[in-house]
Amino acid sequence: MGASIIEQGGNLRVLRVTGLLKKSELDSVQSAVINQQESNPNIRLLVIADNFQGWERGADWGDITFFSTYGDMIQKIAIVAPARWEIDLTTFAMAGLRRAPVKFFSEGQLAQARAWVIA
């Protein structure tokens with residue numbers, strides 16, 4: 001269904017992903033982050049995957065241009081989603097390959113995720 005990102009005060013950005021994520025939607029969100037980056041280069045990202053159904057087939061998901069160019073501006077990433085998506089979403093967030101810590105939280109742990117990502 002889509003992806004949207006909103007600024008929630010200071011350096012916190014909330015990325016909501018629902019349904020099947022399309023590459024064009026991710027590109028749009030990444031462009032918004034780049035445009036917001038000038039006002040605050042130290043972003044903390046809270047990802048909320050609600051009714052997430054995976055990724056659009058056939059898209060170029062191997063494009064890591066955003067990660068290699070802008071990845072260091074993200075200081076922390078918290079992901080909130082159903083437990084069955086933990087490995088896929090943390091891998092997609094490139095946990096272990098980026099400087100920023102990436103932590104997964106199960107549904108119902110939104111408050112804990114928010115507290116962790118802004119701490």
Side-chain angles (χ1 to χ4, degrees):
M1 164 139 185
S4 63
I5 192 159
I6 58 169
E7 183 177 340
Q8 285 202 337
N11 59 354
L12 179 63
R13 305 295 183 274
V14 177
L15 170 61
R16 289 194 176 273
V17 181
T18 58
L20 186 69
L21 181 61
K22 295 181 179 178
K23 179 70 166 78
S24 61
E25 295 165 338
L26 180 63
D27 291 344
S28 178
V29 164
Q30 290 174 338
S31 292
V33 169
I34 292 166
N35 291 336
Q36 295 172 357
Q37 181 256 347
E38 291 180 9
S39 63
N40 195 333
N42 299 309
I43 293 172
R44 292 171 184 256
L45 184 62
L46 175 59
V47 179
I48 302 170
D50 183 35
N51 195 30
F52 183 62
Q53 297 172 6
W55 295 267
E56 168 187 33
R57 292 185 183 262
D60 181 13
W61 293 108
D63 178 4
I64 62 166
T65 304
F66 179 84
F67 171 75
S68 61
T69 305
Y70 301 101
D72 287 344
M73 73 181 188
I74 299 174
Q75 302 300 303
K76 272 184 163 179
I77 300 173
I79 301 170
V80 180
R84 67 185 182 101
W85 288 108
E86 180 174 1
I87 293 171
D88 293 330
L89 287 170
T90 55
T91 301
F92 189 75
M94 301 183 97
L97 297 176
R98 61 171 63 241
R99 291 182 185 166
V102 178
K103 188 169 179 180
F104 185 88
F105 296 84
S106 294
E107 291 176 297
Q109 294 184 312
L110 180 57
Q112 294 94 324
R114 185 178 297 273
W116 178 83
V117 79
I118 63 174

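Predicted model, so just to flag it, every value in this text is computed and none were measured. What's counted below: heavy atoms across the whole structure, side chains too, no hydrogens, waters or symmetry copies.
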Cluster check Ile6, Leu12: I/L/V/M/F/W/Y, side chain < 4.5 angstrom:
yes
Would a distance-only check, ignoring hydrogens and angles, find a side-chain to backbone donor-acceptor pair under 3.5 Å from Arg44 to Val117?
yes
Stepwise, does the side chain to side chain contact (heavy atoms under 4.5 Å, CB included) test hold for Ile79 with Thr90?
CA-CA 8 Å; Ile79 301 170; Thr90 55; 4.3 Å; yes
Going by heavy atoms in the side chains, are Gln53 and Asn51 under 4.5 Å from each other?
yes
Is there a donor in the side chain of Arg114 and an acceptor in the side chain of Gln8, or the other way round, less than 3.5 Å apart?
yes
Verify, without hydrogens or angle tests, whether Asn11 (side chain) and Asn42 (backbone) share a donor-acceptor contact under 3.5 angstrom.
yes
Should the ring pair Phe105 and Trp116 be called parallel, tilted or perpendicular, given that the plane angle runs from 0 to 90° and is split at 30 and 60?
tilted
For atom CG of Leu110, decide whether the heavy atoms of other residues, nucleotides or ligands shown that lie under 6.0 angstrom number more than 12.
yes
Just by modelled atom types, is the Ser106 backbone N or O under 3.5 Å from a matching donor or acceptor in the Gln109 side chain?
yes
Taking side chain as C-beta onward, heavy atoms only, is Val14 less than 4.5 Å from Ile5?
no
Report yes or no: do Ile43 and Met94 belong to one cluster of Ile/Leu/Val/Met/Phe/Trp/Tyr joined by side chain heavy-atom distances under 4.5 Å?
no
Should the pair Lys23 and Trp55 be classed as cation-pi, given the thresholds of under 6.0 Å to the six-membered ring centre and 45° from the axis?
no
Going only through I, L, V, M, F, W and Y residues with side-chain contacts under 4.5 Å, is there a path from Met73 to Phe67?
no
Would you check if Ile77 and Val47 make a side-chain contact, meaning some heavy-atom pair closer than 4.5 Å?
yes
Could you walk me through whether Phe66 and Val29 satisfy the side chain to side chain contact (heavy atoms under 4.5 Å, CB included) test, starting with their C-alpha distance in whole Å, then the side-chain angles of each, then the deciding distance to 0.1 Å, before giving a yes or no?
CA-CA 11 Å; Phe66 179 84; Val29 164; over 6 Å; no
Distance check, rounded to the nearest 0.5 Å: Gln30 atom CD versus Glu25 atom CD?
12.0 Å
Verify side chain to side chain contact (heavy atoms under 4.5 Å, CB included) between Asp72 and Ile74, making sure each step is shown before the conclusion.
CA-CA 5 Å; Asp72 287 344; Ile74 299 174; over 6 Å; no
Not counting sequence neighbours, which residues clear side-chain contact (heavy atoms from CB on, under 4.5 Å) with Thr65? List them please.
Asp63, Thr69
dist Leu21:CG -> Phe52:CZ (nearest 0.5 Å) comes out at 5.5 Å
Do you know the tightest heavy-atom contact between Ile87 and Thr91?
O-OG1, 2.7 Å
When every non-hydrogen atom of Ala93 is compared with those of Arg98, the smallest separation belongs to O-NE, 2.8 Å
Flag yes if Ile64 and Val33 sit in one hydrophobic cluster, no otherwise; membership is Ile, Leu, Val, Met, Phe, Trp, Tyr, and two members link when side-chain heavy atoms are under 4.5 Å apart.
no
Distance in Å, Ile48 CD1 paired with Ser4 OG, rounded so as to fall on 0.5 Å steps:
9.5 Å
Decide yes or no on side chain to side chain contact (heavy atoms under 4.5 Å, CB included) for Gln75 and Leu45, but give the supporting numbers first.
CA-CA 8 Å; Gln75 302 300 303; Leu45 184 62; over 6 Å; no
For the pair Trp61 and Phe92, evaluate ring-ring contact (aromatic ring centres under 6.0 Å, His included) and give the outcome as yes or no after the intermediate values.
CA-CA 9 Å; Trp61 293 108; Phe92 189 75; 5.7 Å; yes
